[in-house]
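Basis for what follows: all heavy atoms, side chains included, without hydrogens, waters or symmetry-related copies. In this chain, residues are counted from 1 in sequence order. Note that the structure is predicted; figures quoted are calculated from it, not measured.
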Amino acid sequence: MAIALYARKSIEREGSISCETQLEYCKSVIKPDERKEKVITFVDNGYSGGNIDRDGFQKMMRQVEKGEITKIIVYRLDRISRSLYDFVGILETLKKYNVQFVSSQESFDTSSPYGEMVVKILMVFAEFERQSIIERVTQAYAHRSEIGLYMGGRRPYGFNLKDTVIHNIKTKMYEPVLEEVEQIKYIFENYAVPNVTLRRLMDNLIQNGILPTEGSWSTAKLSNIIKNPIYAKADNDIYEYYANNNANIISDINAFDGIHGLQIYGKTKHTADDMSDIKVVVMAHEGVVGSDVWLKCQKKIERNKQIGNSMSNATSWIGGKIVCKKCGRTMTVTRGGKHKDGTQTRYFNCTGKSHNRVCKGTKVTLYADSLEDMVYNLISEKLETLKGSRKRVSTDNSNKINLLKNRISEIKLSQDKLVNMLLNDEFDKDMVALLNDKAKKLSEERQELTQQIEALENEENEIISVINLSKKWKTANTEERKAVCNVLIHKIFIDEDGSCEVVWNI
């Protein structure tokens with residue numbers, strides 16, 4: 001059995017904390033009674049936290065599943081994951097194998113149900129903060145994308161990259177891979193045929209021995225190929241297609257010459273008739289699929305998507321949580337007539353009544369707006385209750401913590417001076433030994449001060465986080481509300497008379 005220390009850094013950036021420093025912080029929160037245990041380090045240098053496809057992380061989780069790890073310590077929560085979906089899944093796995101999770105900077109410990117709940121909710125907002133960062137980075141690259149420069153990413157199937165110069169800027173451009181381009185043409189021409197589904201297209205490829213040069217075919221892979229405008233020969237028909245769908249067309253209309261391919265930037269998820277959030281740029285490479293075939297495939301795949309979306313319940317942030325108490329079936333949102341201001345009245349109806357005809361539903365009208373307001377207030381009250389369950393940091397403790405942190409800052413300065421002195425070759429061996437001894441004592445004092453701060457903050461730190469969450473909840477957008485609702489609430493049962501029973505996850 002061992003304690004695992006995990007560090008991750010996505011890219012080398014001046015001023016960012018290194019994996020080695022992260023591990024030092026992790027070591028500092030190992031408790032005195034745990035210091036005899038084996039300590040294993042796992043490092044992912046150059047990996048994004050947006051997914052869990054990381055060598056060090058996967059190796060660590062395999063040892064978790066073998067029962068070889070009792071605790072995982074990270075420098076900060078976002079080192080383990082920046083995705084709420086992945087993070088919650090990681091927590092569930094750790095809970096299954098009785099592995100504690102500790103963050104050295106936020107002082108979170110999942111050994112208690114309360115700590116686990118707070119971490120989940122914090123990661124809700126961390127996920128949306130990550131999306132904000134992505135948008136800011138996208139804006140920084142806007143100019144390069146608008147003039148048709150290569151913006152990185154995985155190579156699209158059918159193309160390789162070659163060096164080139166565009167607008168006196170060294171960049172890269174796509175060049176065709178002949179074998180793969182022929183397969184691309186086959187995919188588009190066959191999918192354009194009526195009654196050929198993605199599944200049937202995949203079967204045709206396999207039966208005819210047309211196999212990809214990498215991996216294997218899947219309906220998802222084929223769908224991504226078909227929706228990618230990089231293969232289209234951009235002409236006026238394609239220009240009109242994007243113009244009619246409100247896309248932001250960056251390139252001049254004369255660039256749509258029926259020869260070159262396209263690239264789109266912005267949100268990858270958009271409706272067929274509203275592409276106002278994407279930019280369309282004509283690229284330097286030549287397209288491989290005629291506009292008539294490409295457009296026919298787009299209309300077909302969009303039509304299939306609309307059929308699938310008509311069955312979804314994405315019209316309320318509490319969707320999926322509302323359940324009919326009488327029959328146990330989920331209640332979904334339906335829309336009424338439009339008002340003068342363009343809005344529509346939304347209702348929750350039992351699927352046992354509307355689809356299966358096995359339930360009479362409620363005797364009262366369940367307005368979605370009213371239910372959402374009720375749940376919003378209940379979550380607000382729950383967060384206030386959680387806030388009251390922990391004491392605030394006393395003024396006395398705050399002063400002590402501040403003094404301890406000041407002392408640590410002084411130690412850091414002293415350590416930096418000692419390092420510079422030790423790098424000076426002018427000292428004899430006795431002086432070097434003395435300096436090394438001083439450095440050791442400073443390091444021990446710093447570790448002791450860190451433990452004192454942890455002791456003072458341990459009980460009160462969680463309430464600070466809940467207070468912050470309570471403030472964030474007041475300004476949460478629809479997606480944030482849905483994510484927090486999923487963490488806090490299991491189900492909301494609605495009786496025939498419209499009364500509600502909320503089953504909380506905590």
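Rounded to the nearest 0.5 angstrom, Lys59 NZ and Met61 CE are separated by 15.0 Å. Interatomic distance, Thr21 OG1 to Lys9 NZ, rounded to the nearest 0.5 Å: 8.5 Å. For the atom pair CG of Asn45 and SG of Cys19, the computed distance is 4.0 Å after rounding to the nearest 0.5 Å. Interatomic distance, Lys162 NZ to Thr171 OG1, rounded to the nearest 0.5 Å: 12.5 Å. To the nearest 0.5 Å, atoms CZ (Arg35) and NZ (Lys27) are separated by 12.5 Å. Distance check, rounded to the nearest 0.5 Å: CD of Gln63 to CD1 of Ile72 gives 10.0 Å.
Ring geometry for Phe87 against Phe101 counts as perpendicular: the plane angle is over 60°, on a 0 to 90° scale with 30° as the lower cut.
Scanning all heavy atoms of the two residues, the minimum distance from His285 to Tyr174 falls at CB-O, 3.4 Å. The heavy-atom pair separating Met1 from Thr70 by the smallest distance is CE-CG2, 3.1 Å. Minimum interatomic distance between Ser10 and Ser48 (heavy atoms only, all atoms of both residues): CB-CA, 4.2 Å. Closest heavy-atom contact between Leu198 and Leu222: O-CD1, 3.9 Å. Here the shortest heavy-atom pairing between Ile210 and Gln183 reads CG2-CG, 3.6 Å. In terms of heavy atoms, Ile225 sits closest to Trp217 at CD1-CZ3, 4.1 Å.
The 12-atom threshold is not exceeded at NZ of Lys438, counting heavy atoms of other residues, nucleotides or ligands nearer than 6.0 Å.
Ser223 places no side-chain N or O within donor-acceptor distance of the main-chain N or O of Thr219, the cut-off being under 3.5 Å. A donor-acceptor pair under 3.5 Å links the side-chain atoms of Asn486 to the main chain of Lys482, judged by distance alone. Using a distance-only test at 3.5 Å, with no hydrogens or angles considered, a donor-acceptor pair links the side chain of Asn505 to the main chain of Val487. At least one donor-acceptor pair under 3.5 Å links the side chain of Gln22 to the backbone N or O of Arg8. The backbone N or O of Pro212 sits nowhere less than 3.5 Å from a side-chain atom of Ser216 that would complete a donor-acceptor pair.
Checking each of Val503, Ile379, Ile318 against Ile489 for a side-chain contact (heavy atoms from CB on, under 4.5 Å) leaves exactly one that passes, namely Ile379. A side chain to side chain donor-acceptor pair (under 3.5 Å) with Lys172 holds for exactly one of Thr164, Asp163, Asn160; it is Asp163.
The pair Arg199-Asp203 fails the salt-bridge criterion, with no side-chain N (NZ, NE, NH1 or NH2) lying under 4.0 Å from an Asp/Glu carboxylate O. Comment: Glu445 engages Arg407 in a salt bridge, judged by a side-chain N to carboxylate O separation of less than 4.0 angstrom. Electrostatic pairing of Arg155 and Glu214 counts as a salt bridge here, judged by a charged N lying under 4.0 Å from a carboxylate O. Ion pair Asp78/Arg76 flagged as a salt bridge, since at least one NZ, NE, NH1 or NH2 atom sits closer than 4.0 Å to an Asp/Glu carboxylate oxygen.
Looking at Ile187 and Ile226, their side chains come closer than 4.5 Å, going by heavy atoms from C-beta outward. Two residues are said to be in side-chain contact when any heavy atoms from C-beta on lie closer than 4.5 Å; Lys71 and Val102 meet this criterion. Here the side chains of Tyr25 and Ile17 are in contact, with some heavy-atom distance below 4.5 Å. Using a 4.5 Å heavy-atom threshold, the side chains of Leu262 and Ile230 count as separate. Residues Phe42 and Ile40 form a side-chain contact, since some pair of their non-hydrogen atoms from C-beta on lies under 4.5 Å apart. The side-chain heavy atoms of Leu371 and Ile492, taken from C-beta on, include no pair separated by under 4.5 Å. Inter-residue side-chain proximity for Phe57 and Ser81 is flagged as unmet; no heavy-atom pair is nearer than 4.5 Å. The side-chain heavy atoms of Ile30 and Val39, taken from C-beta on, include a pair separated by under 4.5 Å.
Between the side chains of Tyr6 and Arg54, a donor-acceptor pair is found at a separation under 3.5 Å. No hydrogens or angles considered: nothing links the side chains of Thr213 and Glu179 as a donor-acceptor pair under 3.5 Å. With no hydrogens or angles considered, a side-chain donor-acceptor pair links Tyr47 and Asp55 at under 3.5 Å. Inspection of the Tyr186 and Asn208 side chains reveals an N or O donor paired with an N or O acceptor under 3.5 Å.
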Given Glu24 and Ser28, is the side chain to side chain contact (heavy atoms under 4.5 Å, CB included) satisfied, shown in steps?
CA-CA 6 Å; Glu24 287 301 316; Ser28 70; over 6 Å; no

Please test Ser380 against Trp473 for side chain to side chain contact (heavy atoms under 4.5 Å, CB included), starting from the C-alpha separation and ending with a verdict.
CA-CA 7 Å; Ser380 296; Trp473 177 247; 3.0 Å; yes

Would you check, one step at a time, whether the test side chain to side chain contact (heavy atoms under 4.5 Å, CB included) holds for Ile322 with Thr330?
CA-CA 6 Å; Ile322 310 300; Thr330 302; 6.0 Å; no

Going through the checks in order, is the side chain to side chain contact (heavy atoms under 4.5 Å, CB included) test met by Val74 and Ser104?
CA-CA 6 Å; Val74 297; Ser104 71; over 6 Å; no

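For residues 92-101, the set of pairs meeting the salt bridge (charged side-chain N to carboxylate O under 4.0 Å, His left out) definition, not counting sequence neighbours, is empty.
Both cation-pi conditions hold for Lys221 and Tyr157: the charged atom is under 6.0 angstrom from the six-membered ring centre and inside a 45 degree cone around its axis.
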